[in-house]
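Remarks on the structure that follows.
Residue numbering restarts at 1 for every chain, and letters A, B, ... go by the order of the sequence lines.
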2 protein chains.
Amino acid sequence: MVEHDIPRATAKRLPIYYRYLKLLLDSGTVRVSSNELSDAVKFDAATIRRDFSYFGALGKRGYGYDVEALMTFFGEILNQDTLASVALVGVGNLGQALLNFNFHQSSNARIAAAFDVNPDIVNTIQSGIPVYSLDDLEKQITDQRIDVAIVTVPADVAQDVAKRLATAGVRGILNFTPLRLDVPKSIRVQNVDLTNELQTLLYFINNFGEK
Amino acid sequence: MVEHDIPRATAKRLPIYYRYLKLLLDSGTVRVSSNELSDAVKFDAATIRRDFSYFGALGKRGYGYDVEALMTFFGEILNQDTLASVALVGVGNLGQALLNFNFHQSSNARIAAAFDVNPDIVNTIQSGIPVYSLDDLEKQITDQRIDVAIVTVPADVAQDVAKRLATAGVRGILNFTPLRLDVPKSIRVQNVDLTNELQTLLYFINNFGEK
DNA sequence: CGTTTTTTGTGAATGAAATAACAATTTTTT
DNA sequence: AAAAAATTGTTATTTCATTCACAAAAAACG
Ligand SMILES: NC(=O)c1ccc[n+]([C@@H]2O[C@H](COP(=O)([O-])OP(=O)(O)OC[C@H]3O[C@@H](n4cnc5c(N)ncnc54)[C@H](O)[C@@H]3O)[C@@H](O)[C@H]2O)c1
Ligand SMILES: NC(=O)c1ccc[n+]([C@@H]2O[C@H](COP(=O)([O-])OP(=O)(O)OC[C@H]3O[C@@H](n4cnc5c(N)ncnc54)[C@H](O)[C@@H]3O)[C@@H](O)[C@H]2O)c1
């Protein structure tokens with residue numbers, strides 16, 4: 001694997017580059033400079049050049065980057081050719097919204113199975129995705145070779161769910177609950193704490209804003 | 001203002017500390033050490049002590065921190081006494097979920113007004129919150145003294161909406177669209193890019209996971 | 001009451017990421 | 001074809017964040 005010691009911060013920006021490059025290609029743009037990219041994605045141009053340089057010399061001095069070539073290159077790095085199957089646990093408020101959105105148009109992932117305990121929705125199809133009983137979790141995860149799960153259950157059952165996902169063989173969890181999950185360290189947890197995002201924003205504008 | 005040069009990273013952790021302290025207090029715990037906190041919130045104990053130390057000496061050597069005192073202290077810093085009114089623009093999939101959740105039980109904010117262009121929901125009440133026409137944006141923002149907005153509209157109208165919010169006097173935006181908004185720099189934008197979170201997670205497990 | 005244990009607060013060390021600055025190279029212009 | 005302009009790739013520098021490590025202080029114990 002070429003991309004071995006890519007900074008984590010760089011990795012987080014890759015999908016953003018990719019998405020914008022796709023946009024550029026669709027609009028017929030053939031070349032782009034780090035400065036133009038910078039305007040769009042709002043990272044410093046030097047940061048962008050440095051990010052790209054981890055993968056080799058992708059641009060041409062005095063010219064910039066070839067949009068199509070760059071997009072193709074990042075597409076491969078991001079595995080855009082293979083569609084990842086993802087599970088969603090907890091088809092409530094937020095789970096429903098994610099199910100319905102389903103990422104497919106905008107990424108290489110799709111939610112393939114959902115799980116809940118509510119008998120009203122278990123064994124129904126929601127937004128085109130089958131909702132299974134939590135009892136079927138292990139079986140479905142294994143059968144469908146799912147290795148990433150989105151967790152949108154109430155906080156008090158999150159740790160339980162995480163443990164079951166872990167033993168079922170999941171390798172990554174996108175955790176929307178405010179709880180910090182305890183899982184084997186071979187499993188990657190990405191926390192999305194929406195309440196925290198809002199509270200942090202409020203803190204900043206209350207303490208450092210103008211007015 | 002005491003808290004002037006608090007690292008951004010610290011600020012992002014404050015609501016997490018606060019939330020956990022509340023939990024501890026509810027469970028009747030009277031004292032806590034940085035190590036215990038570390039177990040719960042999964043930040044290094046030294047990081048926690050350093051974070052706290054920006055606000056002075058809040059603990060007692062050989063004892064730890066007094067849960068109630070610490071909670072009260074952070075509550076003030078986070079303005080827990082005043083309820084912030086927030087606007088939500090775009091009552092779709094995700095907007096609906098946020099409306100329904102509404103943060104009130106878990107934080108010092110509540111969504112006070114929502115906006116959309118869809119005539120089916122304009123001038124209705126959704127999850128207890130009035131949905132106004134986008135035409136009323138400026139008036140409502142001003143009248144209700146709203147200074148933070150959550151943006152959950154389609155990407156192609158996000159920049160327009162952001163501009164209107166900016167001129168309406170909003171000081172912070174929680175942006176759920178994949179677009180990086182252009183706003184005056186006095187306005188703080190917090191991006192929540194869910195597709196990116198998922199893609200980054202996939203990238204990491206595909207490239208650095210075991211198996 | 002003295003000794004041991006616990007735990008903070010912080011200086012110093014380390015690590016990670018962002019930015020600046022510029023030579024090297026290519027393109028564009030005249 | 002020479003001069004000017006654009007733009008990369010990278011080295012050096014700066015900024016920001018985490019972690020180590022330990023003296024200082026308080027608590028617990030015997
Ligand atoms: N909705 C939001 O806007 C929002 C914002 C911030 C945080 N969150 C967090 O996201 C999580 C989900 O929030 P929500 O508003 O969608 O909650 P919700 O109550 O609407 O949905 C939870 C769903 O999980 C299901 N469930 C309960 N126990 C389960 C189990 N053991 N296994 C599988 N499914 C189970 C419930 O039946 C329900 O359908 C919560 O932890 C919440 O704190 C949500
Ligand atoms: N839903 C998700 O899970 C999810 C995931 C990742 C990203 N996003 C992003 O979040 C945003 C919202 O997603 P969604 O799934 O809720 O979309 P959606 O289409 O369900 O909802 C968008 C809402 O905005 C309204 N709207 C359109 N133009 C408007 C305008 N000018 N002013 C006010 N309202 C307007 C529409 O009527 C609709 O109600 C999108 O930018 C999407 O890319 C959503």
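Residue side chain B:R61 does not reach the base of C:dT7 through any donor-acceptor N/O pair under 3.5 Å, judged by distance alone. With hydrogens and angles left out, the side chain of B:R50 and the base of D:dT18 share no donor-acceptor pair within 3.5 Å.
Minimum atom distance to the side chain of B:D44 is reached by D:dT19, of the listed D:dT19, D:dT7, C:dA17. Of the candidates C:dC22, C:dG9, C:dT28, the closest approach to any side-chain atom of B:A57 belongs to C:dG9. Distance from the side chain of B:S53 is smallest to C:dG9 among C:dA18, C:dG9, D:dG9. In the set D:dC22, D:dT8, D:dT18, D:dT8 carries the atom at the smallest distance from any side-chain atom of A:Y65. Out of D:dA17, C:dA18, C:dC22, the shortest distance to the side chain of B:P7 is found at D:dA17.
In this structure, A:R110 and A:S85 approach most closely via the heavy-atom pair NH2-OG, 3.4 Å. Taking each heavy atom of B:F55 and B:L58 in turn, the nearest pair found is O-CD2, 3.9 Å. Scanning all heavy atoms of the two residues, the minimum distance from A:T200 to B:P15 falls at OG1-CG, 3.9 Å.
The CZ atom of A:F52 sits 15 Å away from the P atom of D:dT7 (whole-angstrom rounding). Rounding to whole angstrom units, NZ of residue A:K60 and C1' of C:dT26 are separated by 8 Å. Atom CD in A:E36 sits roughly 12 Å away from atom P in D:dA6 (whole-Å rounding). As a whole-Å value, the separation of B:K12 NZ from D:dC16 P is 14 Å. In this entry the distance linking OH of B:Y63 with C1' of C:dT5 reads 16 Å, nearest Å. In this structure, the CZ atom of A:F55 is 17 Å from the C1' atom of D:dT10, given to the nearest Å. Here D:dT18 presents its P atom at 11 Å from CD1 of B:I48, a figure rounded to the nearest Å. The separation between B:R8 atom CZ and C:dA17 atom P is 16 Å, rounded to whole Å.
Here the side chains of B:L70 and B:Y17 are not in contact, with every heavy-atom distance at 4.5 Å or above.
Nucleotides of DNA chain C nearest to B:S33 and A:T10 differ in position, and the one nearer the 5' end is that of B:S33. Each of A:G62 and A:T47 was matched to the nucleotide of DNA chain C holding its nearest heavy atom; the match closer to the 5' end belongs to A:T47.
Residue A:S34 places at least one side-chain N or O under 4.0 Å from the OP1 or OP2 atom of D:dT8. Between B:R13 and the phosphate of D:dT18, there is a side-chain N or O to OP1/OP2 separation shorter than 4.0 Å.
Within a 6.0 Å sphere centred on NZ of A:K42, other residues, nucleotides and ligands contribute more than 12 heavy atoms.
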